[in-house]
Amino acid sequence: KAAATCLATLAKRLGMTQDELEDLSVPHLGFTAGSHKQALDDRLRLTLTAELQLVIERAEDGKQLKTTPVAHRAVMKELRKTLKDSVKRERERHERMLINQRLWPSATWKTYYLEHPILKILAQQFVWEEKIEEQYIPFRPLADGSLTDADDNEVTLQQEIDIRLAHPARLSDQQRQAWLTHLPDY
């Protein structure tokens with residue numbers, strides 16, 4: 001309860017909602033926008049996989065190591081724990097946002113979800129909707145940063161629109177079936 005009060009107070013001081021502050025608080029784990037790789041040292045690199053796992057690879061050939069080198073065990077333990085906790089927290093938060101029908105302006109959504117190394121991967125697991133006039137059009141992001149509809153047609157977001165998570169109950173039977181067919185392919 002005290003943490004929630006502190007979060008609400010900080011958000012108010014910063015002139016933003018608590019949801020917006022939580023969006024900004026998702027750790028990057030040292031990865032830069034648009035990148036899922038970072039150097040651990042001059043021979044090894046850390047990769048964030050599409051399954052939201054951290055693996056160590058040799059920089060020279062990209063071969064994944066089966067065990068973590070002793071010199072990196074402590075930092076890898078901490079990074080893996082932070083990632084696991086962050087993903088769990090974000091899944092719970094997305095469930096709340098789905099229920100509350102939270103809206104993001106498209107530019108904000110792109111920054112949070114297409115440029116953040118963890119959220120970019122997580123966002124691919126959800127169907128989203130863009131609001132055009134009074135109609136919501138479902139889409140989802142792909143690993144390459146593009147957006148698609150359930151028929152694998154490219155989607156281009158309109159400027160100055162709102163985006164929300166697509167709740168299955170708000171989709172038509174036809175849309176729901178199309179997404180159920182589409183999602184296992186990825």
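Here the structure is a predicted model, which is why all the values come from computation and not from measurement.
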What are the two closest heavy atoms between Pro184 and Trp179, and how far apart are they?
-> CD-O, 4.4 Å

Between Trp109 and Phe126, is a ring-ring contact (aromatic ring centres under 6.0 Å, His included) present by the stated rule, with each step listed?
-> CA-CA 13 Å; Trp109 181 86; Phe126 297 104; over 10 Å; no

Over all heavy atoms of both residues, which pair between Leu21 and Ala11 is shortest? Give the atoms and the distance, please.
-> CD2-N, 3.8 Å

Is Ile118 reachable from Leu24 through a run of hydrophobic residues whose side-chain heavy atoms are each under 4.5 Å from the next?
-> yes

Sole residue of Ile99, Leu98, Asn100 in side chain to side chain contact (heavy atoms under 4.5 Å, CB included) with Leu165 = Leu98

Going from OH on Tyr136 to CG on Leu103, what distance comes out if it is rounded to the nearest 0.5 angstrom?
-> 5.0 Å

Start with the C-alpha gap between Thr9 and Lys12, add the side-chain angles, then the distance that decides, and say whether side chain to side chain contact (heavy atoms under 4.5 Å, CB included) holds.
-> CA-CA 5 Å; Thr9 301; Lys12 187 175 181 179; 5.8 Å; no

Qualifying residue, where the test is side chain to side chain contact (heavy atoms under 4.5 Å, CB included) with Arg45 and the options are Gln38, Lys37, Arg58 | Lys37

Validation row: Leu7, Glu22 side chains within 4.5 angstrom (heavy atoms) = yes

May I ask you to say whether Glu90 pairs ionically with Arg93, meaning some side-chain N is under 4.0 Å from a carboxylate O?
-> yes

Arg80 side chain near Met76 side chain, heavy-atom distance below 4.5 Å = yes

Which atom names give the shortest non-hydrogen contact between Asp41 and Leu44, and what distance separates them?
-> OD1-N, 2.7 Å

Between His116 and Asp23, is any side-chain donor less than 3.5 angstrom from a side-chain acceptor?
-> no

Would you please test Glu130 and Val155 for side chain to side chain contact (heavy atoms under 4.5 Å, CB included) and show each step?
-> CA-CA 10 Å; Glu130 64 175 325; Val155 171; 3.7 Å; yes

Go through Arg91 and Glu95 one step at a time and tell me if the salt bridge (charged side-chain N to carboxylate O under 4.0 Å, His left out) criterion holds.
-> CA-CA 6 Å; Arg91 289 188 193 283; Glu95 186 174 322; over 6 Å; no

Tyr113-His94 aromatic ring centre distance below 6.0 Å = yes

Same apolar cluster: Phe139 and Val127, side chain cutoff 4.5 Å = no

Among all residues two or more places apart in sequence or in another chain, which pass the ring-ring contact (aromatic ring centres under 6.0 Å, His included) test with Phe31?
-> none

Shortest non-hydrogen pair, Arg176 vs Leu171, comes out as NH1-O, 2.8 Å

Between Leu46 and Leu29, is a side chain to side chain contact (heavy atoms under 4.5 Å, CB included) present by the stated rule, with each step listed?
-> CA-CA 10 Å; Leu46 181 63; Leu29 300 179; over 6 Å; no

Ser146 and Asp144 side chains, donor-acceptor separation under 3.5 Å = yes

Taking Gln124 for the side chain and Lys120 for the main chain, is one N or O donor matched with an acceptor at less than 3.5 Å?
-> yes

Any chance you could lay out the salt bridge (charged side-chain N to carboxylate O under 4.0 Å, His left out) test for Asp85 and Lys88, step after step, and finish with the verdict?
-> CA-CA 5 Å; Asp85 293 346; Lys88 180 179 187 251; over 6 Å; no

